[in-house]
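Data first, discussion second: the structure below is written as structure tokens.
Atoms within each ligand, like the ligands themselves, are counted from 1 in listed order. Computed from a predicted model, the values in this text were never measured in an experiment.
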Amino acid sequence: MTPPAATASPALLEVDNLRTYFATDAGDAKAVDGVSFSIGAGKTLAVVGESGCGKTVTALSILQLIPQPPGRFVTGTIRFDGRDLLRLPKHELRAIRGGSIAMIFQEPGTSLNPVFTVGRQIAEAIRLHRKLPASQVRDEVLRCLKAVQVSDPERRIDQYPHEMSGGMKQRVMIAMALSCNPKLLIADEPTTAVDVTIQARILDLLRDIQADRGMAILLITHDLGVVAELADEVVVMYAGKVIERATAEELFANPRHPYTLGLFASLPRVDQKQGRLQAIEGSVPAATRFPEGCRFRERCRWAGAECQQEPPLVALGKVGLGQEHQVACWKHAEIAAANAAIVA
Ligand SMILES: Nc1ncnc2c1ncn2[C@@H]1O[C@H](COP(=O)(O)OP(=O)(O)OP(=O)(O)O)[C@@H](O)[C@H]1O
Ligand code: SF4
Ligand SMILES: [Mg+2]
């Protein structure tokens with residue numbers, strides 16, 4: 001049975017038991033394998049995990065941007081604003097995509113077309129989703145560019161993507177995503193392509209726009225610093241599954257899963273060049289060859305005989321700040337006691 005949602009506010013998006021598999025020569029790649037979470041209106045949920053854990057496939061599943069075949073939805077429901085996106089007619093889904101749900105893609109090149117000016121691309125998004133008189137579209141594009149603090153928008157509006165820096169392109173992508181006033185913004189690694197100073201500005205911008213518009217954000221990141229800055233709640237994914245889930249404050253104060261502890265241990269120090277999460281020995285197993293039982297067990301120093309059975313995601317009850325905290329590890333109590341002893 002799926003554990004109850006960790007969020008207290010009414011859910012805008014509810015993903016329940018989602019399984020997205022890909023047929024490959026080596027068998028099914030179980031990229032997303034029974035994932036559940038929810039996001040309240042105006043809240044930010046961060047999905048974290050190492051490369052290959054299933055974060056992007058989760059995001060693309062919400063908008064049904066998974067190529068079928070080789071992909072397929074094996075189980076699950078994705079309820080947005082009361083409707084199941086997996087069972088929605090194509091035309092209704094098209095209206096939602098880029099309209100009430102917008103996405104900033106992980107690959108900056110995916111969103112911007114090199115042969116059109118950025119102004120034309122944002123205008124196209126507005127024309128598709130909003131009923132604005134043609135004479136007002138250009139002004140609206142300028143307003144969007146100003147909202148994301150693009151400098152000199154009157155000049156930028158007629159530029160092509162290749163005439164812009166990485167940070168500026170990132171802003172344009174955010175402007176395009178926000179141009180239709182989405183209720184939910186899915187941001188897949190929104191700051192990996194830009195340097196640290198620009199990253200901080202883009203995060204500030206997202207926070208301001210969210211406060212202004214009450215938009216919910218599904219933030220996908222490998223960077224726990226970004227999580228600390230923006231997230232209300234966190235879902236930690238490993239090998240296609242949710243292995244821990246809590247409010248950001250609770251998770252930072254009281255991480256329980258050995259994998260989450262490993263992610264915290266791998267936080268980059270300020271004197272080191274920022275890189276992908278990597279302090280945990282070994283790597284995520286291929287999605288076609290997940291081990292039986294706990295999928296983390298080949299990398300886990302706590303692993304024991306019971307870990308040959310798959311641990312369920314269980315609620316720890318009201319912990320810490322009085323919020324639900326869920327973890328999928330047979331030894332979470334033992335690990336918590338050991339950590340408490342170290343801290344004491
Ligand atoms: N079209 C596909 N065919 C087969 N396997 C796929 C396909 N797309 C994704 N996968 C597999 O699904 C798993 C999850 O991929 P996903 O892109 O969601 O990872 P991620 O968590 O977003 O990683 P990263 O941090 O590198 O972006 C990976 O093992 C990947 O190889
Ligand atoms: S269930 Fe076992 S192998 Fe998996 S994380 Fe917990 S202790 Fe480690
Ligand atoms: Mg990804």
Side-chain angles (χ1 to χ4, degrees), residues 18-33 35 46-63 65-74 103-108 110 186-193 218-224 226 235-244 255-263 275-278 280-314 326-339:
L18 177 69
R19 284 174 216 273
T20 310
Y21 292 2
F22 294 93
T24 77
D25 291 345
D28 277 344
K30 298 177 177 174
V32 173
D33 203 14
V35 161
V47 178
V48 293
E50 290 166 299
S51 195
C53 279
K55 306 182 296 295
T56 295
V57 173
T58 301
L60 295 178
S61 298
I62 294 169
L63 287 173
L65 293 172
I66 297 290
Q68 299 180 66
R72 68 183 194 281
F73 299 108
V74 178
M103 180 155 175
I104 306 172
F105 290 88
Q106 183 167 9
E107 304 297 332
T110 323
I186 301 177
D188 192 355
E189 307 269 13
T191 56
T192 31
L218 173 62
L219 176 73
I220 294 175
T221 181
H222 64 276
D223 186 339
L224 286 166
V226 173
V235 156
V236 184
M237 280 188 75
Y238 186 77
K241 289 197 171 286
V242 174
I243 53 94
E244 188 156 15
R256 285 290 185 100
H257 196 285
Y259 178 63
T260 314
L261 289 163
L263 295 184
R276 309 288 292 179
L277 292 171
Q278 253 211 356
I280 312 162
E281 291 237 338
S283 53
V284 184
T288 47
R289 281 184 282 110
F290 288 145
E292 292 291 310
C294 176
R295 293 180 179 180
F296 188 58
R297 92 188 140 93
E298 287 163 0
R299 301 172 72 187
C300 181
R301 68 185 180 89
W302 294 85
E306 63 271 62
C307 306
Q308 287 168 24
Q309 303 291 321
E310 187 176 330
L313 188 65
V314 292
Q326 297 162 1
V327 67
C329 171
W330 294 119
K331 297 198 173 176
H332 67 82
E334 208 178 303
I335 291 163
N339 276 339

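Side-chain contact between Tyr259 and Cys53: present, with at least one pair of heavy atoms (C-beta onward) separated by less than 4.5 Å. Using a 4.5 Å cut-off on side-chain heavy atoms (C-beta onward), Glu189 and Lys55 make contact. Counting heavy atoms from C-beta outward, Leu218 and Ile62 have side chains that approach closer than 4.5 Å.
Atom 8 (Fe) of ligand 2 has its closest protein heavy atom at Cys300 SG, 2.3 Å. Counting only heavy atoms of the protein, atom 4 (Fe) of ligand 2 lies nearest to Cys294 SG, 2.3 Å. Protein heavy atom nearest atom 5 (S) of ligand 2, with residue, atom name and distance: His257 CE1, 3.5 Å. If you check which protein heavy atom lies closest to atom 1 (S) of ligand 2, you get Trp330 N, 3.4 Å. The protein non-hydrogen atom at the shortest distance from atom 2 (Fe) of ligand 2 is Cys307 SG, 2.2 Å.
Atoms CZ and CD1, from Phe105 and Ile186 in turn, are 8.5 Å apart once rounded to the nearest 0.5 Å. Atom CG of Asp223 and atom CG of Leu263 lie 11.5 Å apart (nearest 0.5 Å).
Applying the 4.0 Å criterion to heavy atoms of Arg297 picks out, from ligand 2, the atoms 3 (S). Remark: ligand 1 atoms within the under-4.0 Å shell around heavy atoms of Ala287 are 29 (O). Within ligand 1, counting atoms from 1 as listed, the ones closer than 4.0 Å to a heavy atom of Thr56 are 17 (O), 18 (O), 20 (P), 22 (O), 27 (O). When each atom of ligand 1 is checked for a heavy atom of Gly52 under 4.0 Å away, the hits are 13 (C), 14 (C), 19 (O), 20 (P), 21 (O), 23 (O), 24 (P), 26 (O), 28 (C), 29 (O). Close approach to Val57 involves these atoms of ligand 1, each under 4.0 Å from a residue heavy atom: 9 (C), 15 (O), 16 (P), 18 (O). The contact set between ligand 2 and Ala303, taken as ligand atoms under 4.0 Å from a residue heavy atom, comprises 3 (S).
Between the Arg295 side chain and the Val284 main chain, no donor and acceptor come within less than 3.5 Å of each other. A donor-acceptor contact shorter than 3.5 Å links the side chain of Arg299 to the backbone of Glu281. Looking only at distances, no side-chain donor or acceptor of Thr260 sits under 3.5 Å from a matching main-chain atom of Arg256. In this structure, Lys30 contributes its side chain and Phe290 its backbone to no donor-acceptor pair below 3.5 Å.
Checking only distances, Ala31 never comes within under 3.5 Å of ligand 1, N or O to N or O. Residue Lys55 has at least one nitrogen or oxygen atom sitting less than 3.5 Å from a nitrogen or oxygen atom of ligand 1, judged on distance alone. For ligand 1, the polar-atom distance check against Gly54 finds a nitrogen or oxygen pair separated by under 3.5 Å. For ligand 1, none of its N or O atoms has an N or O atom of Thr58 under 3.5 Å away. Residue Ala29 has no nitrogen or oxygen atom sitting less than 3.5 Å from a nitrogen or oxygen atom of ligand 1, judged on distance alone.
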Problem - His257 and Val236: CA distance, side-chain angles, deciding distance, side chain to side chain contact (heavy atoms under 4.5 Å, CB included) verdict - result: CA-CA 9 Å; His257 196 285; Val236 184; over 6 Å; no

Problem - Trace of the side chain to side chain donor-acceptor pair (under 3.5 Å) decision for Ser61 with Thr20 - result: CA-CA 7 Å; Ser61 298; Thr20 310; 2.9 Å; yes

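Cys329 lies close to atom 6 (Fe) of ligand 2, since one of its N, O or S atoms is found at a distance under 2.8 Å. In summary, Ser51 places no N/O/S atom under 2.8 Å from the Mg ion (ligand 3), failing the contact criterion.
A heavy-atom separation below 4.0 Å is not found between Gly49 and ligand 1.
Here the closest heavy-atom approach between residue Ile220 and residue Pro190 is recorded as O-CD, 3.9 Å.
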